[in-house]
Visitor: 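First, the structure itself, so that you have it in front of you.
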2 protein chains.
Amino acid sequence: MAELRPNADAMKRLRALGLRPTRQRMALARLLFDHGNMHVTAETLYDSAQDADIKVSLATVYNTLHQFTAAGLLRQVIVDPSRCYFDTNVDEHHHFFFEETGQLADIPDELIRSMAPGDLPPGTKLSRIDIVVRLRGAA
Amino acid sequence: MAELRPNADAMKRLRALGLRPTRQRMALARLLFDHGNMHVTAETLYDSAQDADIKVSLATVYNTLHQFTAAGLLRQVIVDPSRCYFDTNVDEHHHFFFEETGQLADIPDELIRSMAPGDLPPGTKLSRIDIVVRLRGAA
DNA sequence: GTGTTTGCAAAGTGTTTGCAATTTA
DNA sequence: TAAATTGCAAACACTTTGCAAACAC
């Protein structure tokens, strides 16, 4: 059953990360982390919050996504030049990106090294594979 | 030596793609394709044009980049959620992205399948590897 | 009470669009 | 001259910021 009172565990976890467990952060954390792996944009998370009758502004959604990312609770996924995606799965892993719908899906680990045409989701065609190795340090 | 008259070859090539070889397109094509492989954004190409005393508007740079991409002369590279990169190398290949400077560099083909720590450019540290498999078709 | 966080509205950034003027064929 | 292209400025989508009011401790 869903919790009717503030979740003491979640409060502790947020506090441990240096984030005050405000009503907004608790509510967004619940949306993000209580439903298995999720891929969200600011907009989709904001919409989910509206649907769940959570009173929160879009600006706070942006702030929270960045704070959670900085705290290691989320990982940014770069697939679209005009939108920031965030993934609740922060482990090293990779994605299918459905170009028409903007949906993201994890690629099961086993598949990534030996991708054959038959491994694609049914009904889809490979458009392209992008591999970007991000570096820090000298130019 | 650089050509002082319109390049008949380039004109033919553009015309074959259904694009009128206008002064702007010819000049941008020369910037893009006469200097080996390049990675540009609209802004960097616009700046290069300014430096080369090519009279062209930023809007035309955007149009041209998209027309060239549609024609298969360029390939988009998605590495930054806030900028569109274009690559004059349209073959399937992958990139190093230097996060601090925004620079892109091709990853030599041989490296991509057996990337070891020593294969990174000197002075850099691995930040992360992003692999995105883009699909068309069912969601 | 003090410092943090929120929410609004304004500003910012990169990109696209509408349309009159210009260029190409 | 007819159709395509350009360039400007306005519009756009997404994101960030400034600051007063609300909140957490």
Visitor: Aromatic rings B/His93 and B/His39: how do their planes relate, parallel, tilted or perpendicular, breaks at 30° and 60°?
Guide: tilted
Visitor: Do the ring planes of A/Phe86 and A/His66 sit parallel (below 30°), tilted (30 to 60°) or perpendicular (above 60°)?
Guide: perpendicular
Visitor: If every non-hydrogen atom of A/Leu58 is compared with every non-hydrogen atom of A/Ala42, which pair is closest and at what distance?
Guide: CD1-O, 4.2 Å
Visitor: With sequence neighbours excluded, what pairs up with A/Ala59 under the side chain to side chain contact (heavy atoms under 4.5 Å, CB included) test?
Guide: A/Ser57
Visitor: How long is the line joining CG of B/Leu14 and C1' of D/dA4, in whole Å?
Guide: 14 Å
Visitor: Would you say that A/Ile78 contacts B/Val79 through its side chain, given a criterion of any heavy-atom pair below 4.5 Å between the two side chains?
Guide: no
Visitor: Using whole Å, what does the distance between atom P of nucleotide D/dC23 and atom CZ of A/Arg25 come to?
Guide: 15 Å
Visitor: So which pairs with a foot in residues 8-28 of chain A pass side-chain hydrogen bond (donor to acceptor under 3.5 Å, both in side chains), sequence neighbours left out?
Guide: A/Arg25-A/Gln67
Visitor: If a protein heavy atom is under 4.0 Å from the base, mark B; if only from the sugar-phosphate, S; if neither, -; do that for nucleotides 12-25 of chain C going 5' to 3'.
Guide: --SBBB------BS
Visitor: When you measure from the side chain of A/Thr44 to the backbone N and O of A/Val40, does any donor-acceptor pair fall under 3.5 Å?
Guide: no
Visitor: Could you spell out the base pairing of DNA chain D in dot-bracket, with Watson-Crick or G-U pairs whose two distances are under 3.5 Å, [ ] crossing and | to another strand?
Guide: ||||||||||||||.||||||||||
Visitor: At a heavy-atom distance below 4.0 Å, what parts of residues 45-53 of chain A sit against DNA chain C?
Guide: none
Visitor: If only atom types and distance count, is the side chain of B/Tyr85 paired as donor or acceptor with the main-chain N or O of B/Asp80 below 3.5 Å?
Guide: no
Visitor: Is any side-chain heavy atom of B/Leu104 closer than 4.5 Å to a side-chain heavy atom of B/Asp87?
Guide: no
Visitor: Check the distance between D/dC14's P and A/Asp80's CG and give it to me in whole angstrom.
Guide: 9 Å
Visitor: For A/Asn37, check side chain to side chain contact (heavy atoms under 4.5 Å, CB included) against everything at least two apart and list the hits.
Guide: A/Thr88, A/Asn89, A/Asp106
